[in-house]
Structures are given as structure tokens and as C-alpha cells.
Asks: 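My structure is below; once you've seen it, I'll send some questions.
The analysis underlying the following values was restricted to heavy atoms, covering all of them including side chains, and did not include hydrogens, waters or symmetry mates.
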Amino acid sequence: MGQLMRAEKLIKKMLNRTELQGVILDWDETVTDRDSLDLIFRIAFRVKPEFLYKLNHFVGIYKDRFRDYVDHEVKGSECEARDTVEKEIQYQRGMKPVELSSVYEARRLGLFKGISREKFVNYEQTLGQNSDQVLPLKPGVVEFLKMLYRKVPITILSVNWTSLMMKQRLKEFGLEEDKEWLHFLVNELVFDEHGMSTGNNTGEEEDIRTGYDKMMKTRQIVKDCPNGKHFVYFGDSSTDVLAMIETGKAVAFGTGARDQLKRMGFKVEGPEEEKNMHDLSEEATYIFAKDFTIVAS
């Protein structure tokens, strides 16, 4: 089984900067401490208080399409068990119309049309709340990012609908977007020459909606690296699992990612009880952790 090491040392070994070519991080419930997809809706509803439909309408559209997918395409199919990489790929590819259902509905109804870019960038002012309330970050993540910033390329890879609030939040800590060192691969709203939203989204290049899309983006990131293939992925949900497998080294912050890896036969080291997280084998490549404090300490 190999020499046992403390979890901190093992993860830091993964992050050895002499070998590490880059880190890839999910955003919601990985960098943040809660899901923030609703934030773009909250901003829109604050700017357009008269808008006829509220968040539950778009959630309902998504849930109905997901239920239809499970009942009519997944149940009884080869991918229902989701217990191999091939089956998970099939399942995630089938999720694309589900994920796009609420996107298309927002576009059809013009929810974001006519809202200025600045309303999203200055989200604290728009919502009348500070960033710690609106976008709480996972413990240790700022220290972790600062440890790597301008030393190792960092990619934020997210199925969220815009990176505008992400960039603004990290900028508070001196972590500014840089194509070489801090890059965002996220779906985006389209703005016209006056900085007003057209109500549309970016096209295929940034069309990241499912775990399969994340896998393909991760594959391209690794392929484009000229100096080696040592990457570490950080994520929390089953949507991150295929990308985790693509890098071969990952830290899972959520039971969704951990359980899906296990379902497919991958060994995930590190039980839920943090007090027992020190007995990990040196060969561990998938590690379950509570937050970034174990990495940034």
C-alpha cells in the first residue's frame, strides 16, 4: 500500500511546483462555500423588479427537463448505473439539453437583455450586500490561490453563466485575471458596444454545461501544455468527476464527487472524519477533503 503520509504532505506533494504544470478549479462550492448560480438571477430581478417570472420558474423548467431525461432516457438504459467512465460520459452528454433548458428560457423571455455589464461587475452595490454575504469563499482558498498565483497557471472551469462576479470577487485579494496565470473558462453573457446585455450567451467555444464539457476542456488544457502533463483538479460534484479522471490527480471537496468516483471503481482516500484524514497511502491520487485549509496550511 506504500508508506503512509499525513494528508497535508500528500496533497502538497501533488502540488510540488517543480513538477506541477497547472491547477484547475471548479467555482461553485469549490472556490465558493455555497452554490452561486442564483446570483446572476438575483441581479437581474433587482434591476428588473417588474419582471413577470421569478427564479422558481426557471428552476421548474430545469427540473421538468431533468425528470423527463431520467424517466425517458436514463432509466433502463446502459448508462443508468453510471458505474464506468464510459457510462458516465454517456450520462453527462445526455445532460446537455437539461442544462440548456433554463438557459434557453431566460434567453426567450429576455431576462438579462438590457442589463448593463456594470450591474454584474458591481454586484455588491446592485444587491446592497457585501461580498462575504453574497459570495462566501471556502476556508483557505484565498491563501491557496495566493500561494500559486503567478507561479503556477490557475484555471477556473465552471458551468456558471458568467465569470464577471468571479473575477471581481478574486480581485479583492489581488488575484486579477491574467491569461497566463489566472484564466477563466466559463459561459458568458454577450454585451453590445455600449456594455448592455443582448440577452444572449457565448457560443460553442465557451459552452460549458456538463461534466462531459468539463472533461473536454480539461483535456484541451492538458494537451496545450508544452512542458508536461502534471495537473491537479479541485471540485465538489459529480459534474467534476470526468475532469478529475482526465488529470489523474484531484481533491474532492464534496460527497457528490467522492461518491461518483467510488461508484466508478476509483479509490478515494480520506474519510469524512477529518481527525482520521492523516492515514493516506503515498500512491493516493484522489483525496477527499473538507476545504483548502489542509492545502494552504
Asks: Could you list the residues that satisfy ring-ring contact (aromatic ring centres under 6.0 Å, His included) with F45, not counting sequence neighbours?
Replies: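 Scan of F45 (ring-ring contact (aromatic ring centres under 6.0 Å, His included), adjacent residues dropped) gives none.
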Asks: Hey, is the main chain of A289 close enough, under 3.5 Å, to the side chain of R258 for a donor-acceptor pair?
Replies: no
Asks: Does atom NZ (K223) have a neighbourhood of more than 12 heavy atoms from anything else shown, all under 6.0 Å?
Replies: no
Asks: List in chain and number order the residues that pass ring-ring contact (aromatic ring centres under 6.0 Å, His included) with F120, two or more places apart in sequence or in another chain; answer none if no residue qualifies.
Replies: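 Per chain and number, F120 pairs via ring-ring contact (aromatic ring centres under 6.0 Å, His included) with no residue.
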Asks: Under the ring-ring contact (aromatic ring centres under 6.0 Å, His included) test, which residues partner Y53, sequence neighbours left out?
Replies: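 Applying ring-ring contact (aromatic ring centres under 6.0 Å, His included) to Y53 gives H57.
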Asks: For a side-chain contact (heavy atoms from CB on, under 4.5 Å) check, start with the C-alpha distance between N160 and M165, then their side-chain angles and the critical distance, and finish with the verdict.
Replies: CA-CA 10 Å; N160 209 307; M165 292 81 83; 5.8 Å; no
Asks: Does the ring centre of W161 sit less than 6.0 Å away from the ring centre of F41?
Replies: yes
Asks: Is there a donor-acceptor pair closer than 3.5 Å between any side-chain N or O of E29 and the backbone N or O of W27?
Replies: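 Pair absent, no side-chain N/O of E29 close to backbone of W27.
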Asks: Scan for salt bridge (Lys or Arg N to Asp or Glu O under 4.0 Å) pairs involving residues 140-160, sequence neighbours excluded, and state none if there are none.
Replies: R150-D178
Asks: As an exercise, state the distance from CG of D259 to NZ of K262, rounded to the nearest 0.5 Å.
Replies: 6.5 Å
Asks: Are any of the side-chain nitrogens in R169 or D132 under 4.0 Å away from the carboxylate oxygens of its partner?
Replies: yes
Asks: So if you build clusters from Ile, Leu, Val, Met, Phe, Trp, Tyr with side-chain heavy-atom gaps below 4.5 Å, do I294 and V152 land together?
Replies: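 Same cluster: I294 reaches V152 through Ile, Leu, Val, Met, Phe, Trp or Tyr contacts under 4.5 Å.
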Asks: Among Ile, Leu, Val, Met, Phe, Trp and Tyr joined by side-chain contacts under 4.5 Å, find the other residues sharing a cluster with V74 and list them by chain and number.
Replies: Y62, F66, Y69, V70, Y91, M95, V98
Asks: Do any side-chain atoms of residues 110-118 form donor-acceptor pairs under 3.5 angstrom with protein atoms, and if so which ones, sequence neighbours left out?
Replies:
| from | atom 1 | to | atom 2 | distance (Å) |
| --- | --- | --- | --- | --- |
| S116 | OG | K119 | N | 3.4 |
| E118 | OE1 | N122 | ND2 | 3.4 |

Asks: Look at R67 together with D71 and state whether they make a salt bridge at an N to O cut-off of under 4.0 Å.
Replies: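 Between D71 and R67 there is no salt bridge, as every charged N stays at least 4.0 Å from the carboxylate O atoms.
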